[in-house]
Amino acid sequence: MFELFKVVEFFPKMLETFVYTIWVVIGSVFISFALAVPIAVIRIKKIPLISQFCEVWLSFIRSMPGILELFLAYFVLPGMLDKVGIDTSDWSGTTFVLIAMVFHYAPFISEILRPAYLSVDIGQHEAAASIGLTGFQTFVKIIAPQTLPVALPLLCNAAIDTVKDTSLLFTIGVIDLMGKADLIIADSYGMSKMEAYLTVAIYYWILTVGVIAIFRQWEKYFKKYKLSTGIKLKP
């Protein structure tokens, strides 16, 4: 029998793991984006060998379920690193989570940035060079402000996908929202499954709404300077 008061009871019990999930999402998104930028540049410039490697990397992650990538990071990677003298015995579960998430989303985000970058008229690169701007100055002052608005809706989707992928962390023993729900269910001898999972669902909904709200603020910022994002973000 469903008991609504238990949802209220479970809500504060899951708050700590909710905060942990937020930090995992923030870390995954920012590290992935930081790596995605050079990956996108490598693919745009078609740098020999490295560009082909990035293409294979993207093809690989597209074919892999998220849970398998997590298992590869947690169960397979330590053995591979041990063979080259890197000890991972003191690495936390969070470290492997970030490795798996970044391994998946860095090339994925680069594929979002690449066409957005290519959508900027080549003439603007030439105009920037004609007035003496360096490649870095051109990117920061001219290209990036036009690239990001185009990429924003898909970046929002990638961030939301990152939020949802954190629901797999409990499979390697990390106590996230789902892991905490399982502990609560175990403590109640399996009698509070509906309430525990509903609480998790509410937390994920709150986090997703928060992500969308952040991207909407960026959308408003770009519109302020008449830089269109092209696509409306849906709630």
Side-chain angles (χ1 to χ4, degrees), residues 1-34 64-75 90-106 108-109 152-221 231-235:
M1 181 178 176
F2 179 77
E3 298 176 281
L4 183 60
F5 78 90
K6 286 191 175 181
V7 175
V8 178
E9 177 187 335
F10 295 157
F11 212 80
K13 290 183 178 180
M14 294 187 183
L15 182 59
E16 184 177 353
T17 51
F18 176 64
V19 173
Y20 170 78
T21 301
I22 291 174
W23 282 113
V24 169
V25 171
I26 291 173
S28 299
V29 169
F30 275 91
I31 298 173
S32 296
F33 186 85
M64 292 294 107
I67 192 170
L68 181 56
E69 291 175 342
L70 190 59
F71 284 177
L72 288 173
Y74 190 71
F75 296 110
D90 59 345
W91 289 15
S92 66
T94 304
T95 301
F96 292 105
V97 165
L98 290 175
I99 289 173
M101 300 285 267
V102 171
F103 177 78
H104 178 85
Y105 281 102
F108 184 78
I109 293 176
L152 194 64
L154 291 178
L155 289 175
C156 180
N157 290 340
I160 292 172
D161 287 342
T162 303
V163 170
K164 291 188 285 189
D165 281 349
T166 61
S167 64
L168 301 173
L169 306 190
F170 78 101
T171 61
I172 61 170
V174 174
I175 305 301
D176 63 336
L177 284 169
M178 289 295 293
K180 185 65 175 180
D182 284 347
L183 291 176
I184 290 173
I185 292 169
D187 288 342
S188 65
Y189 302 100
M191 299 299 293
S192 301
K193 290 181 181 179
M194 293 174 62
E195 295 86 350
Y197 290 138
L198 178 59
T199 307
V200 171
I202 293 171
Y203 266 124
Y204 273 112
W205 176 55
I206 292 171
L207 186 50
T208 301
V209 169
V211 168
I212 293 174
I214 291 171
F215 277 86
R216 277 184 171 163
Q217 289 302 310
W218 285 342
E219 183 183 42
K220 291 178 181 178
Y221 172 81
I231 304 173
K232 293 288 186 180
L233 296 175
K234 296 181 180 180

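The chain is numbered in sequence order, starting from 1. Atom set for the values below is all heavy atoms of this structure, side chains included, hydrogens, waters and symmetry mates excluded.
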**Prompt:** Which of these passes side chain to side chain contact (heavy atoms under 4.5 Å, CB included) with Val24: Val19, Leu169, Val174?
**Reply:** Leu169

**Fill in**
Heavy atoms of Ile175 and Lys180 approach each other most closely as CG2-N, 4.0 Å

**Request:** Taking all heavy atoms of Ala158 and all of Ile109, pick out the closest pair and write down the distance.
**Result:** CB-CG1, 4.4 Å

**Message:** The test is side chain to side chain contact (heavy atoms under 4.5 Å, CB included); show your working for Val29 and Val211 and say whether it passes.
**Reply:** CA-CA 11 Å; Val29 169; Val211 168; over 6 Å; no

**Prompt:** What's the spacing between Asp176 CG and Thr94 OG1 if we round to 0.5 Å?
**Reply:** 10.0 Å

**Item:** Shortest non-hydrogen contact from Val200 toward Met178
**Value:** CG1-SD, 3.8 Å

**Message:** Between Tyr74 (side chain only) and Thr171 (backbone N and O only), is there a donor and an acceptor less than 3.5 Å apart?
**Reply:** no

**Message:** Would you say that more than 12 heavy atoms from the other residues, nucleotides or ligands in this model lie under 6.0 Å from the CD of Glu16, or not?
**Reply:** no

**Message:** Pair Leu207, Tyr203 - check side chain to side chain contact (heavy atoms under 4.5 Å, CB included), show working.
**Reply:** CA-CA 6 Å; Leu207 186 50; Tyr203 266 124; over 6 Å; no

**Asked** If you take all heavy atoms of Tyr105 and Thr162, which pair is closest and at what distance?
**Response** OH-N, 3.4 Å

**Request:** Assert yes or no for the condition that the ring centre distance of Trp23 to Tyr20 is strictly below 6.0 Å.
**Result:** no

**Which residues share a salt bridge (charged side-chain N to carboxylate O under 4.0 Å, His left out) with Asp187, sequence neighbours left out** = none

**Asked** Parallel, tilted or perpendicular: which describes the rings of Phe108 and His104, with under 30° parallel and over 60° perpendicular?
**Response** parallel

**Prompt:** Within the side chain of Ser28, is there an N or O that forms a donor-acceptor pair under 3.5 Å with the backbone of Val25?
**Reply:** no

**From Ser167 atom OG to Leu177 atom CG, the distance as rounded to the nearest 0.5 Å** = 9.5 Å

**Flag side-chain contact, heavy atom, 4.5 Å: Leu70 against Asp165** = no

**Item:** Rounded distance (nearest 0.5 Å) linking atom CH2 of Trp205 with atom CD1 of Ile202
**Value:** 8.0 Å

**Message:** For the CZ atom on Phe30, are there more than 12 heavy atoms of other groups (residues, nucleotides or ligands in this structure) within a distance under 6.0 Å?
**Reply:** no

**Asked** Do Lys164 and Asp161 have side chains that get closer than 4.5 Å, going by heavy atoms?
**Response** yes

**Request:** Applying side chain to side chain contact (heavy atoms under 4.5 Å, CB included), run through Phe10 and Leu198 and close with a yes or a no.
**Result:** CA-CA 10 Å; Phe10 295 157; Leu198 178 59; over 6 Å; no

**Request:** Answer yes or no: is there a side-chain heavy-atom contact under 4.5 Å between Phe33 and Leu155?
**Result:** yes

**Request:** Nearest 0.5 Å please: distance from the CG atom of Leu68 over to the CG atom of Leu168.
**Result:** 11.0 Å

**Request:** Rounded to the nearest 0.5 Å, what's the gap from CE on Met194 to CD1 on Ile185? Could you check?
**Result:** 11.5 Å

**Request:** Taking all heavy atoms of Thr199 and all of Val7, pick out the closest pair and write down the distance.
**Result:** OG1-CG1, 3.6 Å

**Request:** Run the numbers on Ile184 and Met14 for side chain to side chain contact (heavy atoms under 4.5 Å, CB included), then give the verdict.
**Result:** CA-CA 9 Å; Ile184 290 173; Met14 294 187 183; 3.7 Å; yes

**Request:** Heavy atoms only: give me the nearest Ala100-Ala73 pair and the separation to one decimal.
**Result:** CB-CB, 3.8 Å

**Item:** side-chain hydrogen bond (donor to acceptor under 3.5 Å, both in side chains) between Tyr204 and Thr21, worked out
**Value:** CA-CA 9 Å; Tyr204 273 112; Thr21 301; 5.0 Å; no

**Asked** What's the spacing between Phe215 CZ and Ile160 CD1 if we round to 0.5 Å?
**Response** 8.0 Å

**Residue pair Phe170 / Thr17, side-chain heavy-atom distance below 4.5 Å** = no

